[in-house]
Amino acid sequence: MIPSVLPTYNRAALQFVKGEGAWLTEADGRRFLDLGSGIAVNALGHAHPALVEALSNQANALWHVSNLYQIPQQQALADKLVEHTFADTVFFTNSGTEACELAVKMARKHFYDKGQPEKIEIITFDGSFHGRSSAGIAAAGSEKMTKGFGPILGGFVHLTFGDLDGVSNAISDATAAILIEPIQGEGGIRPVPDAELKALRQICDAHGLLLILDEVQCGVGRTGKLFAHEWAGITPDIMMVAKGIGGGFPLGAVLATEDAASGMTAGTHGSTYGGNPLGCAVGCAVMDHVSDPEFLAEVNRKSGLLRQKLEGLIADHPDVFEEVRGSGLMLGLKCKALNMDVVNAGYENMVITVPAADNVIRLLPPLTLTDEDIGAAVTRLDQAATQVENA
Ligand SMILES: *Cc1c(COP(=O)(O)O)cnc(C)c1O
């Protein structure tokens with residue numbers, strides 16, 4: 001008999017009932033160190049007082065109004081995002097997937113309204129992840145995600161990750177945009193080198209294409225900059241944001257330049273919940289923290305400390321781990337052992353990591369992780385690795 005919850009997930013037998021900072025309490029009372037943050041969502045950790053206050057104040061005042069009316073919290077969050085990024089304008093969604101939907105629509109409408117309706121193709125890369133909607137799976141294009149769900153939305157050209165020559169060769173009169181994650185998350189913490197992001201920006205400029213960055217996982221302070229593309233010194237035309245921006249409240253956004261967004265006039269897009277007062281009140285509190293240069297400096301300092309300890313861990317367990325990669329507090333441990341065995345051994349040692357493609361385990365801790373937490377993380381990962389070795 002089918003379970004009452006549609007069985008699309010392989011769930012661990014863990015049930016968390018409370019969270020505080022980087023720690024989660026299981027129903028049986030055990031305390032787990034959370035190096036997953038609900039997949040890069042709880043950017044400020046669990047039950048951060050500023051987020052609890054923002055949410056409960058807003059909950060007491062007003063939960064929801066339609067986008068038929070002015071929403072001051074939404075205006076305030078859009079202003080913050082515009083102030084701190086390349087963007088001139090923001091549309092709020094409930095998730096990263098919906099951000100992908102709009103990014104695709106926005107790019108196509110941009111060219112349609114400029115009298116170039118033939119420009120519909122979007123170049124994407126293997127190993128990417130852009131959500132599970134029809135556009136999201138078509139954009140990523142992997143058989144794992146698309147098989148059985150045809151007809152698959154057309155207009156995506158899939159290239160090998162890192163194949164810059166392929167990009168130039170793939171561009172035609174039909175090309176509208178290049179869509180890429182500055183650091184692939186689900187794909188196994190695969191960073192796009194700064195030089196490559198710069199080259200993609202130049203290619204887009206040379207051919208009049210839009211550069212769409214998916215920063216759903218790598219954005220919002222995760223890499224030690226507010227957004228990951230800042231490391232490369234470039235800006236996109238359109239950017240997808242979600243996960244960390246709501247700190248645990250479902251919230252996403254599409255950020256864009258005025259020119260890229262020029263086709264999205266009144267009536268061309270909408271969302272019932274996107275940008276509602278609850279989500280945006282929390283989003284404002286998240287932004288106030290993560291946009292602070294001192295907060296970002298701390299993310300970078302802690303990243304250095306964690307990486308250094310992880311190098312030691314790899315040296316101590318050469319049969320389990322191969323390398324550490326990534327940026328800021330978006331780190332991947334490429335495994336020699338089966339990554340799922342390491343994740344499961346982590347559970348037994350009360351440390352949570354997240355598996356990814358390419359036999360990687362992801363470390364995406366709350367950005368508020370303390371030095372003490374980092375010590376505990378490495379101790380528990382060391383115990384887990386020892387357990388894998390002895391299995
Ligand atoms: C998680 C993720 C998405 C999809 O976001 P949802 O909120 O799950 O819809 C899209 N792109 C990237 C890079 C992601 O990591």
Side-chain angles (χ1 to χ4, degrees), residues 6 8-9 36-43 91-107 122-142 144-146 149 153 156 158 161 177-192 197 200 211-223 227-229 236 238-255 271-276 279 282-283 286 326-332 353-358 360-365 367:
L6 189 72
T8 59
Y9 294 101
S37 308
I39 316 194
V41 167
N42 304 99
F91 183 93
F92 291 102
T93 67
N94 308 291
S95 69
T97 301
E98 289 160 285
C100 178
E101 291 295 315
L102 173 55
V104 169
K105 285 176 68 177
M106 184 183 279
I122 298 175
I123 293 173
T124 63
F125 298 89
D126 68 2
S128 65
F129 183 79
H130 303 295
R132 297 291 198 137
S133 64
S134 294
I137 62 174
S142 73
K144 186 180 154 216
M145 275 186 278
T146 57
F149 296 113
L153 185 67
F156 294 95
H158 304 104
F161 182 75
I178 297 173
L179 164 59
I180 191 165
E181 298 160 80
I183 302 179
Q184 284 191 352
E186 305 302 310
I189 310 294
R190 294 202 292 174
V192 179
L197 273 183
L200 290 174
L211 179 62
I212 307 173
L213 294 182
D214 182 343
E215 292 227 17
V216 168
Q217 194 161 147
C218 63
V220 195
R222 180 58 48 195
T223 67
F227 289 100
H229 65 264
I238 299 173
M239 179 166 71
M240 297 152 53
V241 176
K243 294 201 163 99
I245 188 69
F249 197 97
L251 181 64
V254 173
L255 279 60
S271 167
T272 296
Y273 293 116
N276 99 344
V282 179
V286 170
S327 171
L329 292 174
M330 182 174 187
L331 298 175
T353 60
V354 186
D358 201 27
V360 161
I361 65 168
R362 272 176 285 177
L363 310 183
L364 308 159
L367 306 179

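Counting convention: from 1, in listed order, for ligands and their atoms alike.
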Ligand-side contact atoms (ligand 1) for residue partner S95, heavy atom cut-off under 4.0 Å |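 In order of number, 7 (O), 9 (O).
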Atom indices of ligand 1, in the order listed, that fall short of 4.0 Å to a heavy atom of E181 |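 Atoms satisfying the 4.0 Å criterion: 13 (C).
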For [atom], the protein heavy atom that lies nearest, with its residue and separation:
atom                    : value
atom 11 (N) of ligand 1 : D214 OD2, 2.7 Å
atom 5 (O) of ligand 1  : G96 CA, 3.3 Å
atom 9 (O) of ligand 1  : T97 OG1, 2.4 Å

Whether [X] side chain and [Y] backbone form a donor-acceptor pair below 3.5 Å:
X    : Y    : result
T124 : A139 : yes
D358 : V360 : no
S37  : L364 : yes

Heavy atoms of other groups near F161 CZ, more than 12 under 6.0 Å |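 Yes - once you tally the heavy atoms of other residues, nucleotides and ligands closer than 6.0 Å, there are more than 12.
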Evaluating non-hydrogen atoms only, which member of H130, E98, K243 is closest to atom 14 (C) of ligand 1?
->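 Result: the heavy atom closest to atom 14 (C) of ligand 1 is in K243.
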Which residue, R222, H229, K243, forms the side chain to side chain donor-acceptor pair (under 3.5 Å) with E215?
->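 With E215 as partner, R222, H229, K243 yield a single side chain to side chain donor-acceptor pair (under 3.5 Å), made by H229.
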Note: E181-R190 ion pair, threshold 4.0 Å (strictly below) =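 Looking at E181 and R190, the cut-off is not met.
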Judging by distance only, is a nitrogen or oxygen of F129 under 3.5 angstrom from one on ligand 1?
->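 Yes, at least one N or O pair falls under 3.5 Å.
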